[in-house]
Amino acid sequence: MNGAHDASRPVRILLCDDHAVVRAGLLALLGSAPDIEVVGEAGTGEEALALTTKVDPDVVLMDLQLGDGIDGVETTRRLTAAPGDRPHVLVLTTYDTDADITRAIEAGATGYLLKAERPEELFAAIQAAAQGRTTLSAPVASRVMANMRSPRPTLTDRERDILTQLAQGLGNREIAKALFISEATVKTHLGRIYDKLGVDTRAGAVAVAKEQRLLP
């Protein structure tokens, strides 16, 4: 659980992936590892939460996109915030965007692995997760380091105001009215916001602002 795993017994794994074919493949793969035991499989976040209390896994192997219901990030958050003994969560996904990585780690994931990894890398990551050690796929680690090195864009108070209105879905005229400025001024500020965030659309600006936590 959320302490160190007893190395004298197999690591107990719960699989959570909404694709039955992927789960079947993982079951076959993990079944070949003598020090790993799959004790349950779930197709939704809700199933994973319910099963965890029944099968008591050491590690939950978690996909991020789970179709209907809560996603992998929210499931991870609930698993790691639950009272009492909690399993470690190892994300196993095809998604490696900055936003996905940040959200998963902030939700409490112990590790973040991509599905393209070799089987031996997955086995090693599971053992590490069971001990509470962090494992990141090389591309993920590179992204994390790059984000740590690069400073976030600095927005003025007015630019933040406009970005906040933008995130609420307001158009230029509505933003101008809400902030008591002209539409031309709104357009000027939007241009500067786009430049600072490296985007060229309203949706892109909002997405990057949320990803980098620039919005209140």
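Along the sequence shown, the residues carry numbers beginning at 1. Reckoned from all heavy atoms, side chains included, excluding hydrogens, waters and symmetry mates.
Scored by the side-chain hydrogen bond (donor to acceptor under 3.5 Å, both in side chains) test, Ser137 finds Glu117 as partners (sequence neighbours excluded). Taking Thr76 as the reference, nothing meets the side-chain hydrogen bond (donor to acceptor under 3.5 Å, both in side chains) condition, with sequence neighbours excluded. Annotation: side-chain contact (heavy atoms from CB on, under 4.5 Å) contacts of Thr185 (sequence neighbours excluded): Ile181, Ser182, His189. Shown here are the salt bridge (charged side-chain N to carboxylate O under 4.0 Å, His left out) partners of Glu106, two or more places apart in sequence or in another chain: Arg213. Every residue meeting the side-chain hydrogen bond (donor to acceptor under 3.5 Å, both in side chains) condition with Glu121, not counting sequence neighbours, appears here in chain and number order: Arg118.
Rounding to the nearest 0.5 Å places CD of Gln165 at 12.5 Å from NZ of Lys177. A distance of 11.5 Å separates CG in Leu26 from SG in Cys16, rounded to the nearest 0.5 Å. Phe123 contributes atom CZ, which lies 8.5 Å from atom CG of Asp35 (distance to the nearest 0.5 angstrom).
Between Arg78 and Glu74 there is a salt bridge, since at least one side-chain N of the basic residue sits less than 4.0 Å from a carboxylate O of the acidic one.
Both Ile193 and Leu214 are members of a single hydrophobic cluster when ILVMFWY side chains are connected at heavy-atom separations under 4.5 Å. Using a 4.5 Å cut-off between side-chain heavy atoms of Ile, Leu, Val, Met, Phe, Trp and Tyr, with links allowed through other members, Val59 and Met62 fall into different hydrophobic clusters. Each of Ile126 and Val39 belongs to its own hydrophobic cluster when Ile, Leu, Val, Met, Phe, Trp and Tyr are linked at side-chain heavy-atom distances under 4.5 angstrom. Grouping the Ile, Leu, Val, Met, Phe, Trp and Tyr side chains by contacts below 4.5 angstrom, directly or via other members, places Ile105 with Val140.
Checked by atom type and distance alone, the side chain of Arg77 never pairs as donor or acceptor with a backbone atom of Arg103 at under 3.5 Å.
Nearest approach of Asp71 to Leu64, heavy atoms of both residues: CB-O, 3.5 Å.
Applying the side-chain hydrogen bond (donor to acceptor under 3.5 Å, both in side chains) rule to pairs touching residues 38-49 yields Arg23-Glu41, sequence neighbours excluded.
Other residues, nucleotides and ligands contribute only 12 or fewer heavy atoms inside 6.0 Å of the OH atom of Tyr95.
For the side-chain contact (heavy atoms from CB on, under 4.5 Å) test with Leu15, the passing option among Val22, Leu92, Leu27 is Leu27; the others fail.
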